[in-house]
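The structure appears below as structure tokens.
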Amino acid sequence: MAARAAEELEDGWYVNLGIGIPTLVANYVGDKDITLQSENGMLGMGPFPFEGDEDPDLINAGKQTITEMDRTAYFDSATSFGMIRGGKIAAAILGAMEVDEKGDLANWMIPGKLVKGMGGAMDLVAGVGRVIVVMDHTNKHGDSKLLKKCTLPLTGKGVVDRIITNLGVLDVVEGGLKIVECADGVTEDELRAATEATIV
Amino acid sequence: MAARAAEELEDGWYVNLGIGIPTLVANYVGDKDITLQSENGMLGMGPFPFEGDEDPDLINAGKQTITEMDRTAYFDSATSFGMIRGGKIAAAILGAMEVDEKGDLANWMIPGKLVKGMGGAMDLVAGVGRVIVVMDHTNKHGDSKLLKKCTLPLTGKGVVDRIITNLGVLDVVEGGLKIVECADGVTEDELRAATEATIV
Amino acid sequence: MQKIYPTAAAALDGFLHDGMFIAAGGFGLCGIPELLLSAIKDAGTKDLTFASNNAGVDDFGIGILLQTRQVKKMISSYVGENAEFMRQYLSGELELEFNPQGTLAERMRSGGCGIPGFYTKTGVGTVIADGKEHKDFPTGPNGAPETYIMEEGIFADLAIVKAWKADETGNLMFRKTARNFNPPAAMCGKVCVVEVEEIVPVGSLDPDAIHLPGIYVHRIIQGDHEKRIEQRTTRTRGAS
Amino acid sequence: MQKIYPTAAAALDGFLHDGMFIAAGGFGLCGIPELLLSAIKDAGTKDLTFASNNAGVDDFGIGILLQTRQVKKMISSYVGENAEFMRQYLSGELELEFNPQGTLAERMRSGGCGIPGFYTKTGVGTVIADGKEHKDFPTGPNGAPETYIMEEGIFADLAIVKAWKADETGNLMFRKTARNFNPPAAMCGKVCVVEVEEIVPVGSLDPDAIHLPGIYVHRIIQGDHEKRIEQRTTRTRGAS
């Protein structure tokens with residue numbers, strides 16, 4: 001999924017990668033000139049440091065130690081989210097608990113469970129140019145995570161542009177989801193069967 | 001007047017001086033630690049440069065070449081007016097065409113005459129901690145510039161704290177203006193006679 | 001005008017009162033005002049409301065004030081790393097107001113810039129929008145209306161901030177991602193106390209390289225910082 | 001991703017159209033995008049609306065586009081130094097929208113930050129407030145209501161900006177008070193073209209000292225700048 005998501009990124013883009021699978025996308029960008037934003041105040045995020053080179057003043061939005069690059073620029077949190085809210089970030093690749101056929105996204109809280117907070121997720125989905133969700137097509141009970149309507153509290157309403165799952169790639173369009181492609185070895189029927197959302 | 005206005009400034013203050021007489025206040029601050037803001041993006045404004053040292057990248061809000069000091073910091077216009085609007089500037093000393101007994105101030109346009117614009121004057125009077133007006137008590141026809149009600153388009157409503165004129169010092173208080181002191185050789189009767197505004 | 005104080009306690013003297021509202025810089029444990037938080041613990045000031053992106057961990061950052069029950073309310077975007085926090089929150093001892101991270105940062109900057117309210121798309125259609133004013137602006141394609149919600153500026157009684165260097169007039173420089181919420185937090189405080197790693201003579205900092213001018217800074221202390229790392233992630237030497 | 005262009009004309013190619021809205025940096029004649037303005041003159045693009053604090057002088061800055069009647073409307077705080085401007089304005093050929101200087105700067109920054117509206121005290125009770133939404137916020141002493149007006153974010157088709165140095169990825173540094181409106185103008189453009197005095201290799205700029213990150217910058221040119229001084233004021237050597 002991370003490799004497929006990397007194909008979504010275009011040369012010259014400034015991109016924000018969420019925690020989890022989206023983080024892995026960085027490994028697959030190849031020759032494309034992609035600048036990664038870390039929303040705690042950095043453009044040009046580099047890989048983890050070598051052991052012993054960790055700098056407590058240099059972390060990413062997941063609080064992990066990282067490194068800088070030649071192109072790196074630092075700024076404060078108000079400026080950082082100014083560029084997010086202002087649409088300067090071309091794309092965000094994020095995980096999700098649920099997505100629905102109107103592009104609603106839920107990825108920050110499950111009622112009754114421990115709520116840690118939305119962090120920067122609501123800002124990202126509301127602000128960036130293109131929201132790409134990367135997630136498993138179904139939960140561990142086999143239920144579709146691509147729904148007619150999200151049941152969990154939303155992170156954003158009508159914000160998702162594209163969904164990349166282990167079964168395929170779908171776009172949010174007028175009236176529902178549109179299949180862009182099926183994953184290797186997955187038939188369209190299998191993908192439809194695993195999807196609760198309306199497929200148009 | 002400039003010397004009297006300088007007495008208004010307290011040690012440690014950050015201050016904005018308007019164009020004209022207010023600019024001269026800088027010459028009278030003595031030992032007090034005053035930092036001057038230039039609203040085009042500078043704190044710690046120094047004097048004019050020596051001949052030959054003019055730098056086109058270093059000007060004040062009046063577009064005059066100036067110098068920097070040890071303490072100088074530069075910033076952009078949004079930040080500059082953020083600190084003005086946010087009340088971080090302790091005081092502004094400004095000129096005026098008219099002030100009235102409610103603290104309304106007019107100093108930017110005369111209907112029918114060439115209008116150049118308000119520049120940063122409206123932001124300053126709305127934002128700074130204390131607005132001190134320095135002006136002649138009367139116009140060239142001998143009419144009072146301290147009015148019951150301003151006749152010219154306003155720069156700000158209820159914004160003036162203190163007025164320093166060639167005849168004395170007055171504060172804007174509930175119900176009108178209150179005489180703080182008369183200038184040397186000026187009697188209170190003379191000051192009252194030259195003032196249209198209600199004196200309480 | 002002397003801004004330099006010998007200790008965190010001295011720098012906070014006269015600025016603390018029960019029930020007050022404090023804005024704190026920092027992201028996770030990075031760039032947090034650890035010395036000032038420790039001094040607030042020692043001062044025993046109670047019923048504090050904090051605007052701070054995170055709540056520290058159990059024994060570091062704002063977490064130490066949770067242990068002592070000095071905090072009444074947190075305004076934060078993410079509070080996951082703190083067991084005592086969760087205990088107090090779930091038992092109703094602690095109020096929690098979640099703000100989206102960018103909304104929180106902008107609310108601080110706005111308050112500091114004299115802006116009591118602004119409109120944002122962030123949170124529209126979510127629980128964050130409940131009870132907030134909605135307004136349409138013609139920002140869509142061809143001027144189509146889009147819905148925004150109003151968020152309010154934060155005006156704190158006190159800002160506590162961690163910087164890298166200060167000059168004697170309070171001009172500040174931050175280092176790498178430790179800048180984060182520190183400048184907006186500093187802006188929104190009625191007064192602002194700053195802890196730094198180094199105080200340098202006035203004139204030592206490049207006027208073009210100052211991140212936050214001294215006008216925002218009322219008192220400064222220099223001290224030794226633990227600068228704890230929350231998630232130590234590395235790669236092996238020789239790996240790509 | 002190549003951001004460097006050989007000439008101002010090349011850097012503007014494809015970005016210009018009649019009737020467009022341009023945000024320009026600069027204050028007076030300081031830090032103005034003089035080369036890009038000259039290229040817009042040569043391109044002959046008409047009916048332009050400019051958000052720019054000033055309007056240049058007759059033969060420099062935006063003034064050169066007034067001579068050629070390419071400007072339809074100015075959004076500015078102060079336009080005093082330009083005779084042709086005044087002639088066109090008084091004869092009704094040119095529209096003029098006065099904005100208080102700080103309101104103009106914040107409107108640019110807001111548009112660039114996805115904020116379509118914000119509240120300010122600036123201009124309350126003046127002609128600037130006419131027709132604008134008024135709203136009270138409890139920001140006075142003890143929560144007393146104070147009146148604010150709503151101002152709208154500026155969303156420009158193009159931003160033209162002058163910086164001191166750029167690296168090859170568009171990270172910018174400005175010099176002294178030539179920073180002024182350039183960062184907020186850059187933010188509010190759908191696209192942003194920058195002219196600099198020097199382009200340096202990526203990695204040459206200190207990441208902590210960058211004033212505007214390259215994400216805001218789409219195209220860059222390097223050129224020779226006249227940098228005209230508007231009011232040459234000096235003191236005599238030996239004077240205090």
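Below, chains carry the letters A, B, ... as their sequence lines are ordered, and counting in each starts from 1. Worth knowing before you read on, the calculation uses all heavy atoms, side chains too, and leaves out hydrogens, waters and symmetry mates.
- Between A/K63 and C/L29, every side-chain heavy-atom pair lies at or beyond the 4.5 Å cut-off.
- C/N180 places none of its side-chain heavy atoms less than 4.5 Å from the side chain of A/M42.
- Across all non-hydrogen atoms, the minimal contact from A/K157 to C/G125 is CD-CA, 3.7 Å.
- The existence of a salt bridge linking A/E68 and C/K176 is confirmed by a sub-4.0 Å separation between a basic side-chain nitrogen and an acidic carboxylate oxygen.
- Considering every non-hydrogen atom in both C/T103 and A/R85, the closest pair reads N-NH2, 4.2 Å.
- Residues C/F98 and A/M118 approach most closely at CB-CE, 3.6 Å, considering heavy atoms.
- Contact of the A/S38 side chain with the C/T177 side chain is not registered, since no non-hydrogen atoms from C-beta on lie closer than 4.5 Å.
- Looking only at distances, a side-chain donor or acceptor of A/S77 sits under 3.5 Å from a matching main-chain atom of C/F181.
- C/E197 touches chain A through its side chain: at least one heavy atom from C-beta onward sits under 4.5 Å away, while N, CA, C and O do not.
- Judged as a side chain to side chain contact (heavy atoms under 4.5 Å, CB included), and not counting sequence neighbours, the contacts of A/V159 are A/L105, A/V125.
- When the shell of 6.0 Å around CG of C/D224 is examined, it contains 12 or fewer heavy atoms from other residues, nucleotides or ligands.
- Ranked by heavy-atom pairs under 4.5 Å with chain A, the list C/A105, C/G25, C/G102 is led by C/G102.
- The two residues A/M122 and C/I128 have their closest heavy-atom pair at SD-CG1, 3.4 Å.
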>> Apply side-chain contact (heavy atoms from CB on, under 4.5 Å) to residues A/I59 and C/F27 and explain how you reach the verdict.
In response: CA-CA 9 Å; A/I59 66 169; C/F27 178 86; 4.0 Å; yes
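- Pairing each heavy atom of A/T65 with each of C/I229, the nearest pair is CG2-CG2, 3.7 Å.
- Note that CZ of C/R109 is 8.0 Å distant from OG1 of A/T79, once rounded to the nearest 0.5 Å.
- In this structure, the portions of C/R232 lying under 4.5 Å from any heavy atom of chain A include both its backbone and its side chain.
- For the atom pair CG (A/D123) and OG (C/S77), the distance works out to 8.0 Å, reported to the nearest 0.5 Å.
- With a 4.5 Å cut-off on non-hydrogen atoms, C/N82 does not touch chain A at all.
- Only the backbone of C/V124 comes within less than 4.5 Å of a heavy atom in chain A; its side chain stays farther off.
- Contacts with chain A were tallied for C/K227, C/M187, C/K121; C/K227 has the most, counting heavy-atom pairs under 4.5 Å.
- Only the backbone of A/N60 comes within less than 4.5 Å of a heavy atom in chain C; its side chain stays farther off.
- Between chain C and the residues A/G41, A/A78, A/G62, A/A121, the largest count of heavy-atom pairs under 4.5 Å involves A/A78.
- A cation-pi arrangement is present between C/R235 and A/F50, with the terminal nitrogen or guanidinium carbon under 6.0 Å from the aromatic centre and inside a 45° cone about the axis.
- Between A/V115 and C/V79, the shortest heavy-atom distance links the atoms O-CG2, 4.3 Å.
- Looking at A/I84, there are no atoms closer than 4.5 Å to chain C (heavy atoms on both sides), in backbone or side chain.
- Residues of residues 140-156 of chain A lying under 4.5 angstrom from chain C, judged on non-hydrogen atoms, are A/L154, A/T155, A/G156 in numerical order.
- The line from OG1 of C/T233 to CZ of A/F48 is 4.0 Å long, rounded to the nearest 0.5 Å.
- Residue C/Q88 places its CD atom among more than 12 non-hydrogen atoms of other residues, nucleotides or ligands, all under 6.0 Å distant.
- Chain A forms the most heavy-atom pairs under 4.5 Å with one residue out of C/E106, C/R228, C/Q101, and that residue is C/Q101.
- Of the listed residues (C/L212, C/T122, C/V127), the one with the most heavy-atom contacts under 4.5 Å to chain A is C/T122.
- Electrostatic pairing of C/R175 and A/D55 counts as a salt bridge here, judged by a charged N lying under 4.0 Å from a carboxylate O.
- Heavy atoms closer than 4.5 Å to chain A are found in the side chain of C/L90, but not in its backbone.
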